[in-house]
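Everything below concerns the one structure shown next.
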Amino acid sequence: MRITNVQQVNTTSIPVFLRLRWRLTTIFLMIAIVPIIFVTVLVVRQIEAQNRAQTFRQLESISILKQQQIALWLEAGRVELRSLLVSPEVRTAIQDPDARPREDAVLREVANISNIIDDIFFYDPSGLVMLSSNEALLGRVVSRQVYFDASLQGEVVQPPFFDVSTGSLALIATAPIYVDDALIAIGAIRYNIDELNAIMLERAGLGETGETYLVSSENNYFLTASRFEGYALNRAYTSDGIERALNRESGAGEYNDYRNPPVPVFGYYQWLPALGSGLLTEIDQAEVQAALSQVQLAITVLAVVIAALAALLGLVVTQRITRPLIQIANSAAAIARGKFDQRVQSQQRDEIGVLAAAFNNMTQAVQDRTTQLQAARDEALAAQRIAKENSRLKSEFLATMSHEMRTPMNAIEGFTSIMLNRMGGVEYNAKTERYLAKIQANSQRLLSLINDFLDLSRIESGRMELARMPISPVEMAQKWRENFSVLADNKGLTYEVTVDPNLPATIYGDEEALSKVAVNLIGNAVKFTEKGAIHVKLEKRGTTLALEVRDTGIGIPPHAREFIFDEFRQVDQSSKRKHGGTGLGLAIVQKLTRQMGGTIMLHSEVGVGSTFTALVPLVSEDLPETELVRG
Ligand code: ADP
């Protein structure tokens with residue numbers, strides 16, 4: 001069995017994004033990737049923030065360390081200065097000019113040993129230097145130096161300044177010396193700036209780009225050197241950090257540093273009042289972020305790997321789900337095309353396995369049922385063939401038999417006629433004559449029955465060939481008129497046959513068949529009409545030829561209209577006794593009409609009359625044989 005109009009299963013016709021496989025994979029991916037992205041972003045942000053906070057903390061602690069180192073260094077210098085102030089030799093030398101050269105030598109010795117102090121010198125309240133570790137200073141007057149005025153008042157650390165006399169940066173601490181509340185001199189030390197540089201250039205914990213440096217509030221000059229080349233001390237530098245430090249603020253920030261072009265740095269700034277300068281601790285953002293970038297890269301790679309694994313897993317899982325489904329769909333399509341041996345192979349023990357098993361069961365059931373149906377149909381077909389053959393054999397037998405019976409019947413009828421006409425010259429008495437008449441009537445009936453049989457069986461066995469000959473409707477009508485005028489007259493009926501003037505003079509067809517239809521219908525009309533009229537019309541109705549036989553007879557009840565066209569069927573059995581007949585006439589009419597490619601219609605009213613109309617195709621030209629409409 002084949003079932004047509006079945007679409008082949010073709011998953012490629014489903015848009016990709018609708019396919020189960022891709023939808024499931026996408027969902028898997030989403031489930032895996034969205035949290036991964038979320039977590040990754042969160043972790044990276046967190047690390048970034050922590051990194052920055054830690055960098056700031058580190059910069060702050062380095063800055064504070066430097067500040068303390070500087071304070072210690074300054075304090076160490078002041079301690080040395082104080083110890084000199086209380087030294088009796090120093091006091092003696094101040095008051096006794098003769099003792100001074102010896103004391104100068106002692107001071108030189110002290111300055112040499114100390115790595116904090118460069119120079120030691122003492123000057124009187126007028127500013128005249130009287131004692132000094134540095135000979136060049138002796139006899140000079142320092143009253144114009146920046147620290148001088150303040151030094152007369154008390155202990156002072158003078159923030160670094162550019163000393164024009166030495167042409168270098170100077171950091172001076174001073175302390176007054178009193179004798180009996182009278183200021184007799186001021187002691188001063190000049191710090192060794194190299195030591196400050198050493199403190200500032202110590203860069204532990206500052207990586208490749210980190211640095212600490214001091215910027216003086218005077219002119220924004222560097223007090224200590226930059227880590228980078230090309231940035232001289234005695235030039236003005238500025239940046240956000242420098243400005244804030246010199247503004248006496250302290251804190252951390254991200255800003256562009258003093259370099260040219262500026263470099264973004266993380267920085268910590270604070271103000272050192274003792275040095276009158278800002279302490280800056282900075283590191284390039286790029287360096288801090290380089291380490292971070294590695295972590296970010298590692299995390300991103302990890303995330304991508306996890307996502308890829310999730311996608312792969314999703315694909316495998318969805319494959320396991322969709323493959324049996326596609327297989328089932330393919331099998332269903334194959335079954336629809338008639339391939340019932342299709343079974344779904346599934347070892348899965350889940351719902352899909354159950355589905356496959358159910359599908360296989362259904363397929364088996366469909367296969368069994370189809371086999372049964374096929375067998376039943378084959379049987380029915382065989383029975384039908386046999387029945388057809390039987391029917392044909394029956395008709396053939398009837399035709400042969402009727403034909404064979406006609407010859408002796410004709411002889412019987414003929415001889416009976418001869419005898420009745422006394423052609424043998426014999427005299428019969430009335431009784432014999434009556435019998436002879438009965439024999440004749442019966443043999444005539446038998447002959448007409450045999451003729452009907454012969455017609456019917458010829459049509460049914462397919463031996464009836466319709467001719468296509470020219471017919472003159474007018475002449476044919478004339479024959480019908482002549483055939484029945486005597487019978488109609490005898491019953492006192494009006495009988496007329498009319499021909500439609502629109503009909504062509506010559507039509508084509510089988511005159512014998514057409515006349516047989518007419519004769520049967522007219523014969524019935526005469527037979528079942530006691531008074532009134534019989535009207536036969538031959539007319540053109542469009543492309544059909546209509547043969548209409550109308551009578552004013554007994555009519556046919558509605559229920560009988562269904563079966564009177566069947567063989568041997570009459571309206572009721574009493575009709576047979578009264579009117580005779582075999583019930584074959586209308587069967588012949590219907591079969592002949594159909595064979596001519598037409599139909600027969602009936603309108604009737606009991607007690608009013610009946611109208612039979614045979615409609616057959618009107619052939620008005622001698623068409624080639626093949627174009628003839630055949631029944
Ligand atoms: P028959 O005339 O040999 O009985 P038909 O097949 O010609 O057989 O007609 C079948 C039956 O149809 C008739 O017996 C009759 O009862 C009914 N019949 C046919 N023609 C008419 C008619 N014109 N008027 C009334 N009844 C008719």
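As the structure lists them, so they are numbered: ligands from 1, and atoms in each ligand from 1.
In this structure, a donor-acceptor pair under 3.5 Å is absent between the side chains of S457 and S395.
Between the side chain of K537 and the backbone N or O of V499 there is no donor-acceptor pair closer than 3.5 Å. Of the possible donor and acceptor atoms, one in the side chain of K540 sits under 3.5 Å from a partner among the backbone N and O of G542. A donor-acceptor pair under 3.5 Å links the side-chain atoms of S604 to the main chain of G609, judged by distance alone.
Between A587 and ligand 1, no pair of N/O atoms sits closer than 3.5 Å. An N or O contact shorter than 3.5 Å is missing between F528 and ligand 1 by distance.
At a threshold of 4.5 Å between non-hydrogen side-chain atoms, the residues F612 and R550 do not count as touching.
Listed by number with element, the atoms of ligand 1 under 4.0 Å from a non-hydrogen atom of L586 are 5 (P), 6 (O), 7 (O), 9 (O), 12 (O), 19 (C). Close contacts between ligand 1 and Q570 involve ligand atoms 1 (P), 4 (O), 11 (C), 14 (O) [criterion: under 4.0 Å to a heavy atom]. Here is the list of ligand 1 atoms found below 4.0 Å of a heavy atom in S610: 24 (N). Residue contact check: V571 has heavy atoms under 4.0 Å from atoms 16 (O), 17 (C) of ligand 1. Listed by atom number, the atoms of ligand 1 under 4.0 Å from I554 heavy atoms are 25 (C). If you number the atoms of ligand 1 from 1 as listed, the ones under 4.0 Å from a heavy atom of K527 come out as 1 (P), 2 (O), 3 (O). The distance from ligand 1 to the heavy atoms of R569 drops below 4.0 Å at these ligand atoms: 10 (C), 11 (C).
Between the CG atom of D452 and the CD atom of E567 there is a distance of 11.0 Å, given to the nearest 0.5 Å.
Among R406, K591, K516, the single residue meeting the salt bridge (Lys or Arg N to Asp or Glu O under 4.0 Å) criterion with D455 is K516.
Salt bridge annotation for E254-R52: present, with a cationic side-chain nitrogen under 4.0 angstrom from a carboxylate oxygen.
Looking at D551 against ligand 1, only its side chain comes within 4.0 Å, counting heavy atoms. Contacts of T529 with ligand 1, taken as heavy-atom pairs under 4.0 Å, are absent altogether. Only the side chain of I556 comes within 4.0 Å of ligand 1, judged by heavy-atom distances.
At least one heavy atom of G583 sits closer than 4.0 Å to an atom of ligand 1.
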Side chain to side chain donor-acceptor pair (under 3.5 Å) assessment of R377 paired with Q374 = CA-CA 5 Å; R377 188 199 57 171; Q374 274 170 340; over 6 Å; no
